[in-house]
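Here the structure is laid out as structure tokens; the discussion comes afterwards.
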Amino acid sequence: MIRLIRIAAPAVALILASTSRAQMAAHSTAGNGLHFGVVGGVTIPSGDFGDGVNAGYHVGGLIDFSLPMVPFGLRADVLYHRNNVKSSLLQGTDAKAHSSLLGGTLNGLFILPLSSATGIRPYLTAGVGLYNVKVTAEGSGTGGGSLSDDATKFALNGGGGIRFTLGSLSTFVEVRYVSVLSENAKLFGEQIDSKTNFIPISFGVMIGGK
């Protein structure tokens, strides 16, 4: 038994050392400075919001900051979302209407310890922000012009993504769930009784860092 332990001990030590080096390599690539980027994608409405509008799009910009050897980071972004109101809600009129959501969020990032020298870095994210919810209607019923109303409310979001890094250039694919706490807001005199929930599926490109 003692002989077996003596033979196995170096192998165990080698495995532990390799695991430790892999984890250090993962965390060493978890963050690499300040990045600036652009983002765009599809905005899928959810819940009551999904009953009123179709899937739309979003575009925006971001600033991302993280440090080597630390599996955490921060991201600030500004996004604009646009979704057309469903035609079934506008039957009997020639009106056209859409919702626009302009928001800024501050999010924490947790880079999962699955990263490697390949530059593939899965992560989780969550944060808070402010969103301006606006509805605009156009048509003859508005006197030939347009009418709009808006409200600004706090928002929560969370999700995850995968970042692909090559030198100073990074791309990422991300899915988040956003809930704008819009209850009790009023648009065109009508009170909103539910949150404005939606799912942005995003593709982004960032430059900067090491």
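Bear in mind the structure is a predicted one, so any value in this text is a computation, not a measurement.
- In this view, L62 and V39, D64, R75, D77, F172, M206 satisfy the side-chain contact (heavy atoms from CB on, under 4.5 Å) rule, not counting sequence neighbours.
- Paired with I162 under the rule side chain to side chain contact (heavy atoms under 4.5 Å, CB included), one option of L112, V173, I120 passes, and it is I120.
- When all heavy atoms are compared, the tightest approach of A55 to P45 is CA-CD, 3.7 Å.
- Checking side-chain atoms of S100 against main-chain N and O of N83 turns up no donor-acceptor pair under 3.5 Å.
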query: Under the side-chain contact (heavy atoms from CB on, under 4.5 Å) criterion, do T105 and R176 qualify, and how do the steps go?
result: CA-CA 12 Å; T105 64; R176 284 193 280 174; 3.7 Å; yes
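- The shortest non-hydrogen separation linking K86 to G50 is NZ-O, 2.9 Å.
- The salt bridge (Lys or Arg N to Asp or Glu O under 4.0 Å) search around K195 returns E183, not counting sequence neighbours.
- Residues V78 and Y57 are members of one and the same hydrophobic cluster, defined by side-chain heavy-atom contacts under 4.5 angstrom among Ile, Leu, Val, Met, Phe, Trp and Tyr.
- Pairs engaging residues 50-63 under the salt bridge (Lys or Arg N to Asp or Glu O under 4.0 Å) rule: none recorded [sequence neighbours left out].
- Evaluation of the side chain to side chain donor-acceptor pair (under 3.5 Å) rule for S46 yields no partner, not counting sequence neighbours.
- Hydrophobic clustering places L101 together with V85 (ILVMFWY residues linked when any side-chain heavy atoms are closer than 4.5 Å, directly or through intermediates).
- For K96, the NZ atom sits in a loose shell: 12 or fewer heavy atoms of surrounding residues, nucleotides or ligands are nearer than 6.0 Å.
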task: Kindly indicate, with the supporting measurements, whether the criterion side-chain contact (heavy atoms from CB on, under 4.5 Å) is fulfilled by S170 and T165.
output: CA-CA 4 Å; S170 297; T165 300; 3.2 Å; yes
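- The heavy-atom pair separating G73 from I111 by the smallest distance is N-CD1, 4.4 Å.
- With hydrogens and angles ignored, the 3.5 Å screen pairs a side-chain donor or acceptor of S182 with a backbone N or O of T196.
- Taking the ring-ring contact (aromatic ring centres under 6.0 Å, His included) definition, one finds that Y131 meets it with H81, F198, sequence neighbours left out.
- More than 12 non-hydrogen atoms from other residues, nucleotides or ligands lie less than 6.0 angstrom from CZ of F164.
- Hydrophobic cluster membership of L106, counting Ile, Leu, Val, Met, Phe, Trp and Tyr whose side-chain heavy atoms lie under 4.5 Å apart directly or via other members: none, as it forms a cluster of its own.
- Put simply, the side chain of T125 gets close to the backbone of G108: a donor and an acceptor are under 3.5 Å apart.
- For N107 against G127, the heavy-atom pair with the smallest separation is OD1-CA, 3.2 Å.
- Members clustered with I201: V42, I44, V175, Y177, I199, by chain and number, using a 4.5 Å side-chain heavy-atom cutoff among hydrophobic residues.
- Residues meeting the ring-ring contact (aromatic ring centres under 6.0 Å, His included) test with F110, sequence neighbours left out: F72.
- For V205, the side-chain contact (heavy atoms from CB on, under 4.5 Å) partners two or more places apart in sequence, or in a different chain, are L169, T171, F203.
- S179 pairs by the side chain to side chain donor-acceptor pair (under 3.5 Å) definition with N197, not counting sequence neighbours.
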query: Going through the checks in order, is the side-chain contact (heavy atoms from CB on, under 4.5 Å) test met by R163 and L109?
result: CA-CA 12 Å; R163 182 185 298 180; L109 301 174; 3.9 Å; yes
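- Among residues two or more places apart in sequence or in another chain, the side-chain contact (heavy atoms from CB on, under 4.5 Å) test is passed with I63 by L34, F36.
- The heavy-atom pair separating G60 from L79 by the smallest distance is CA-CD2, 3.7 Å.
- In this structure, the side chain to side chain donor-acceptor pair (under 3.5 Å) partners of T152, at least two apart in sequence or on a different chain, are N132.
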